[in-house]
Q: 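Got a structure here, written out as structure tokens. Questions coming.
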Amino acid sequence: MRRESFFYRNAAELLTLAGGPCPRRGPRLSELGIIRGGGLLTRGENISRIGRSAALEAEARRTKAQEVDCRGRVLMPGFVDCHTHLVFAGNRIADFERRIRGGTYLEIARAGGGIEYTAARTRRAREAELVQQAQEFLEQFAAHGTTTVEVKSGYGLDVPTELKILKAVRRLSRRTPLDLAPTLLAAHALPPEYARRRGAYLARVVRELIPRAAQKKLAEFADCFADRGAFTAAECGAVLQAARRHGLVPRIHAEQLSRTGAIQLAVQLGAASADHLDFANAADIRALAQSEVVAVLVPGSNFFLGVTKLPPARRLIDAGAAVALATDFNPGTCPTLNMQFILSLATTQLRMTPAEAISAATLNAGHALRRAGQIGSLEPGKLADLALMDVSDYREIPYFFGWNHCVMTVKKGQIIYQLKN
Ligand code: NIG
Ligand code: FE
């Protein structure tokens with residue numbers, strides 16, 4: 001095994017997010033633990049030391065670490081994208097145009113677009129085609145500074161296709177340097193062939209899909225879509241409880257297009273996260289703040305759907321909820337995989353400060369994936385997962401929006417992306 005060492009020297013700002021509690025809540029969400037003139041030493045997969053660059057020089061020489069000059073730029077933890085629907089076939093450009101002409105997400109779904117359309121395409125695709133497309137996307141995730149990606153199934157809506165998607169994720173894990181966290185999104189939409197037999201579909205999920213996915217260790221988490229046009233909170237509760245009995249950790253799409261009570265369910269179940277939250281009310285915010293459930297906000301989907309109702313980020317943070325950010329990368333509601341753009345949306349639309357947004361997209365997102373012991377901050381012993389941004393002040397990342405500032409991405413101590421100049 002290679003145990004190479006690297007010395008990242010001379011960062012204008014090293015955003016460590018070190019020390020302090022995890023997840024970050026309230027005012028502590030703004031603490032980036034910045035070291036100016038920072039340096040970082042790696043050994044093998046891990047970070048061995050951090051500090052002022054000048055203070056690490058001697059050790060770097062002694063260990064013969066390869067030098068990477070950060071040349072006065074910002075070095076930060078790689079982004080943790082804790083909510084994506086990476087594996088699907090085709091795209092939804094037709095839905096996109098229908099929405100521009102005035103159709104709503106639900107109307108388009110009912111008229112043959114939506115999740116059902118992607119599921120039909122995904123059912124026909126070979127596993128190898130799904131892997132191929134997703135792998136190309138993963139290269140782009142890496143090129144934008146993301147080092148860990150949660151991946152949901154959910155475009156199968158039948159047992160064989162859901163398993164095919166999860167197997168594609170397993171194959172992808174072997175091919176990409178990024179870490180993938182697989183989630184069985186067992187109840188995403190009612191498949192058309194079960195239109196009048198909701199109970200029968202859910203029974204199939206509980207009796208067949210969940211046990212098979214768990215037995216083959218194809219998923220770590222289970223998710224459900226609680227919403228109008230999808231499933232009720234009670235239906236999701238039954239599915240997630242079954243998933244938990246099989247060792248899968250629950251998370252849930254909650255209060256995205258309407259309020260269903262899914263946040264309260266997430267809290268009762270001790271879910272890892274409740275995601276979206278656009279229609280959360282005051283009681284929901286209180287319940288989340290008093291719980292361990294991470295509130296995952298995905299403003300890219302609000303942006304792309306052009307909706308005016310936004311998740312109450314400010315109220316969640318001020319109440320003390322653990323807020324994280326993610327792309328929600330998917331063909332229907334958010335085709336961006338650029339976490340830097342998500343920071344721009346979080347700041348301009350959700351009124352999070354740049355510092356809050358960065359903590360939410362790294363350490364708290366790592367916590368939402370139950371991996372914060374390994375990722376999300378730069379501390380000795382943690383994985384050397386890094387993004388080097390071509391800015392000298394971290395606030396420029398969301399400020400210059402729509403750019404890709406990332407010039408180098410490091411995963412487990414290896415440089416996996418470098419901008420050619
Ligand atoms: O997170 N809300 C449910 N699932 C996705 C959308 C899936 C789709 O439209 O294809 C979401 O927005
Ligand atoms: Fe989603």
Side-chain angles (χ1 to χ4, degrees), residues 81-96 98-99 103-123 133-134 137 149-157 161-162 165 181-191 221-233 235-236 239 250-260 262-263 266 271-279 294-307 309-311 324-337 342 345 365 368-369:
D81 194 343
C82 62
H83 180 145
T84 85
H85 307 248
L86 173 72
V87 180
F88 55 87
N91 62 49
R92 294 257 284 285
I93 290 172
D95 286 16
F96 177 50
R98 279 190 242 178
R99 212 164 37 245
T104 66
Y105 182 75
L106 263 180
E107 285 162 5
I108 294 165
R110 285 187 184 129
I115 295 169
E116 202 178 301
Y117 171 82
T118 301
R121 297 283 309 258
T122 306
R123 285 175 178 184
Q133 170 165 288
F137 290 142
V149 183
E150 186 259 11
V151 182
K152 301 176 198 298
S153 67
Y155 290 120
L157 313 183
T161 315
E162 287 296 309
I165 295 170
T183 299
L184 171 62
L185 175 44
H188 196 193
L190 190 64
F221 298 99
D223 195 342
C224 286
F225 184 19
D227 223 310
R228 216 164 40 202
F231 297 96
T232 65
E235 288 168 335
C236 293
V239 170
R251 43 194 339 120
I252 188 162
H253 281 70
E255 338 296 4
Q256 177 183 4
L257 306 165
S258 60
R259 187 175 177 282
T260 64
I263 290 177
S273 69
D275 304 42
H276 286 275
L277 317 185
D278 308 13
F279 285 81
V294 178
V296 176
L297 308 183
V298 289
S301 68
N302 301 102
F303 170 80
F304 192 68
L305 292 179
V307 293
K309 184 117 174 95
L310 297 173
L325 287 166
T327 58
D328 193 14
F329 178 68
N330 77 76
T333 69
C334 190
T336 191
L337 42 72
I342 300 303
L345 293 174
L369 296 184

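Note that the structure is a prediction, hence the values are computed from the model and not measured. Remember, it's 1-based here, ligands and their atoms both numbered in the order they're listed.
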Q: Taking atom types as modelled, find out whether Asp328 and His83 have a side-chain donor-acceptor pair closer than 3.5 angstrom.
A: yes
Q: So which atom in Ala226 and which in Thr260 form the shortest heavy-atom distance, rounded to 0.1 Å?
A: CB-OG1, 3.7 Å
Q: Checking contacts here: is it the side chain or the backbone of Tyr155 that comes within 4.0 Å of ligand 1, counting heavy atoms only? Could be both or neither.
A: side chain
Q: Look at Asp223 and state whether any of its N, O or S atoms is less than 2.8 Å from the Fe ion (ligand 2).
A: no
Q: I'd like to check which ligand 1 atoms, numbered from 1 as shown, lie under 4.0 Å from a non-hydrogen atom of Tyr105.
A: 6 (C), 7 (C), 8 (C), 9 (O)
Q: Hey, could you give me the CZ/CZ distance between Arg121 and Arg92, rounded to the nearest 0.5 Å?
A: 11.5 Å
Q: Show every donor-acceptor pair shorter than 3.5 Å between a side-chain atom in residues 184-191 and any protein atom, with sequence neighbours excluded, or say none if there are none.
A:
residue: His188; atom: ND1; partner: Gly154; partner atom: O; Å: 2.9

Q: Quick test: of every protein heavy atom, which one is nearest to atom 11 (C) of ligand 1, and how far off is it to 0.1 Å?
A: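 Result for atom 11 (C) of ligand 1: Asp328 OD2, 3.2 Å.
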Q: By atom name, which N, O or S atom of His85 is the nearest to the Fe ion (ligand 2)?
A: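 Per the distance ranking, His85 contributes NE2 as its closest N/O/S atom to the Fe ion (ligand 2).
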Q: Can you list the atoms of ligand 1 that are under 4.0 Å from a heavy atom of Arg92?
A: 8 (C), 9 (O), 10 (O)
Q: Output the distance between atom CD (Glu107) and atom CG (Asp95), rounded to the nearest 0.5 Å.
A: 12.0 Å
Q: Need the ligand 1 atom indices (1-based, order shown) with element for anything under 4.0 Å from a heavy-atom of His188.
A: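 Ligand 1 atoms under the 4.0 Å threshold to His188: 3 (C), 4 (N), 5 (C), 7 (C).
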Q: Specify which N/O/S atom of His83 comes nearest to the Fe ion (ligand 2), by atom name.
A: NE2
Q: List the steps and the verdict of side chain to side chain contact (heavy atoms under 4.5 Å, CB included) for Val151 and Val87.
A: CA-CA 8 Å; Val151 182; Val87 180; 4.0 Å; yes
Q: How wide is the angle at the Fe ion (ligand 2) spanned by His253 NE2 and Asp328 OD1, rounded to 10 degrees?
A: 170°
Q: Return the orientation label for the Phe329 and Phe137 ring planes: parallel under 30°, perpendicular over 60°, tilted otherwise.
A: perpendicular
Q: Under a 4.0 angstrom heavy-atom cut-off, which atoms of ligand 1 come close to Gln256?
A: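 Under 4.0 Å from Gln256, ligand 1 has these atoms: 2 (N), 3 (C), 12 (O).
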Q: Quick one: which ligand 1 atoms are inside 4.0 Å of a heavy atom on Thr333?
A: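 Matching atoms, with element in brackets: 6 (C), 9 (O), 11 (C), 12 (O).
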Q: To the nearest 0.5 Å, how far apart are CG in Asn330 and CZ in Phe88?
A: 7.5 Å
Q: Determine, using heavy atoms of Thr118 and all atoms of ligand 1, whether some pair is separated by less than 4.0 Å.
A: no
